[in-house]
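In what follows, a structure is listed as structure tokens, so that the remarks can point back to it.
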There are 2 protein chains.
Amino acid sequence: MALLRLELNSNLFLRDPQETDLGRKIIDQSIRMIDELGLEAFTFKKLSKAIDSTEASIYRYFENKHRLLVYLIAWYWNWLEYRIEFETHNVASPTDRLAIALRLVTEHKSNDATFPSVDESALQRIVTNESDKTYLTKQVDSDNKEGLFRGFKTLCKRIADMVEEINPSYAYSHALVSTVLQAAHQQVFFAEHLPSLTEHKVVKGDVHQQNYEFLLELIQKASKA
Amino acid sequence: MALLRLELNSNLFLRDPQETDLGRKIIDQSIRMIDELGLEAFTFKKLSKAIDSTEASIYRYFENKHRLLVYLIAWYWNWLEYRIEFETHNVASPTDRLAIALRLVTEHKSNDATFPSVDESALQRIVTNESDKTYLTKQVDSDNKEGLFRGFKTLCKRIADMVEEINPSYAYSHALVSTVLQAAHQQVFFAEHLPSLTEHKVVKGDVHQQNYEFLLELIQKASKA
DNA sequence: TCCTAAACAATAGTATTACTATCATTAAAT
DNA sequence: ATTTAATGATAGTAATACTATTGTTTAGGA
């Protein structure tokens, strides 16, 4: 398995964490800790203690913990897009490509040996629990101008293109896809914490699989001519 | 126009803010300030200054600002449910009732004279920008046990019941409705801040109307037999 | 090999936040 | 007139989110 490195927008960090040992430790450990503590209780002080470094050192990589979160989420969407590109390559039928993309988006993630310093499984839980916080802020517009959300936007566009290929007359491909991408993690959260909001059941096997079936049907019916 | 008061779960507050002058000022001013500053920059200290009171006094009404936010959002969903109940009363056709409910959920809110101390228009913006933060926390399960999210859950159930009445064989009425309720504010946020994620355009007239059309079509196609 | 600069550690310090505690004052109910 | 509930005034604390400074290690280039 080839070792790869995702090329991320340099505005996401002050110093590239993929380039140094300390940087990789920051990524690795922050994923663990945000998953465990939640974003609110997570601090650079606790992180620095855990990796036996200092607050000041971490601030050389990321302006603050919000930026670090944005970085992690951006990494996730870029990773997903790379995997979709890989798996849909040479698949001619847009219907098949859409199904593959949706499966990759919704499925439960296990760790990807291509990126050994990232716990994709924990990162998926972070996306479920925290990703909306990346843009639900007063600085969303300036963050967006810096290109911090490009990962999510290009992923949305790529899948919307498949929908448009299937039915060029459907007027809401982007709205539909962004709605579905949101639901891809929201419904899992609901199944786990607010179960009356969804039919998906954690006890009945894989919630991600149930969500895949729900969303595939939804996207197909909605975009049908 | 009759003056009404929504009966909210008493776990939402320490002292009922609807009962006193100070309480109503807290609600009124916090809506203004959270809308303006965003939840992160909003503090009880600033609020107390603005209404010429003290931090300590506000803490007698709400445990903390998270609880205050949950209260405001709960008020909003309860208000919406009341309006849906009112407007769908005596409407026999479930298809019509669904359309009415969706219109009420999606439409741009102007101020409701029935509740003079609440700026519903500002509150709608708060729902758009902050409501997901009510449950995206580590305490979501204990908050849920206290019934803090009942407003949203009963609204979802009420609309899901309409969907089920239209097509009893559709297996995902709750999942569909919770997805649509989320999209009802998410798509507006996207149109305003991340416009590449949606076809809705702020410049082309009323985003809320565009969203209504998108979501009505979505919910109808998705739940069709 | 020595030197230089970059990276990191160690430490200290600040303003703000999110509270809690205490006591005094006012207003409303009995 | 008296009690009591609500509010105001004030103070204080621990934690957070940083910034600044200085010293130490280390790795690469001359």
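Here is the naming used below: chain letters follow the sequence lines, and residue numbers restart at 1 for every chain.
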Under 4.0 angstrom between [X] side-chain N/O and [N] OP1 or OP2:
X	N	value
A:Tyr61	C:dA7	no
A:Ser53	C:dA9	yes
A:Thr54	C:dA10	no

Handout entry: Which residues share a side chain to side chain donor-acceptor pair (under 3.5 Å) with B:Gln209, sequence neighbours left out
Key = B:Glu213

Practice task
Could you pull out all residues at least two apart from A:Thr106 that satisfy side chain to side chain donor-acceptor pair (under 3.5 Å)?
Solution key: none

Exercise for the section: Taking atom NZ of B:Lys65 as the centre, report whether more than 12 heavy atoms of other residues, nucleotides or ligands fall under 6.0 Å from it. Expected result: yes

Exercise for the section: May I have all residue pairs that pass ring-ring contact (aromatic ring centres under 6.0 Å, His included) and include part of residues 4-49 of chain B, sequence neighbours excluded? Expected result: B:Phe44-B:Tyr59

Please report the distance, rounded to the nearest Å, between [atom1] in [X] and [atom2] in [N].
X	N	atom1	atom2	result
B:Leu47	D:dG8	CG	P	12 Å
B:Ile58	C:dT20	CD1	C1'	15 Å
B:Lys46	C:dA15	NZ	C1'	13 Å

Handout entry: Pairs where residues 11-30 of chain B contributes a residue and the test salt bridge (charged side-chain N to carboxylate O under 4.0 Å, His left out) is met, not counting sequence neighbours
Key = B:Arg5-B:Asp16, B:Asp21-B:Arg24, B:Asp28-B:Arg32

Exercise for the section: Can you sort out which residues in residues 9-37 of chain B have a heavy atom within less than 4.0 Å of DNA chain C? Ascending by number, please. Expected result: none

Practice task
Apply the salt bridge (Lys or Arg N to Asp or Glu O under 4.0 Å) test between B:Asp143 and each candidate in B:Arg67, B:Arg150, B:Lys138, B:Lys133; give the one that qualifies.
Solution key: B:Arg67

Find every protein N or O atom lying less than 3.5 Å from an N or O atom of nucleotides 17-26 of chain D, and list the pairs.
from	atom 1	to	atom 2	distance (Å)
D:dA17	OP1	A:Lys65	NZ	3.4
D:dC18	O5'	A:Tyr59	OH	2.9
D:dC18	N4	A:Glu55	OE1	3.2

Exercise for the section: Mind telling me whether B:Trp75 and B:Phe115 have parallel, tilted or perpendicular rings, with 30° and 60° as the class edges? Expected result: perpendicular

Exercise for the section: Hey, could you give me the CG/NZ distance between B:Leu197 and A:Lys157, rounded to the nearest 0.5 Å? Expected result: 12.0 Å

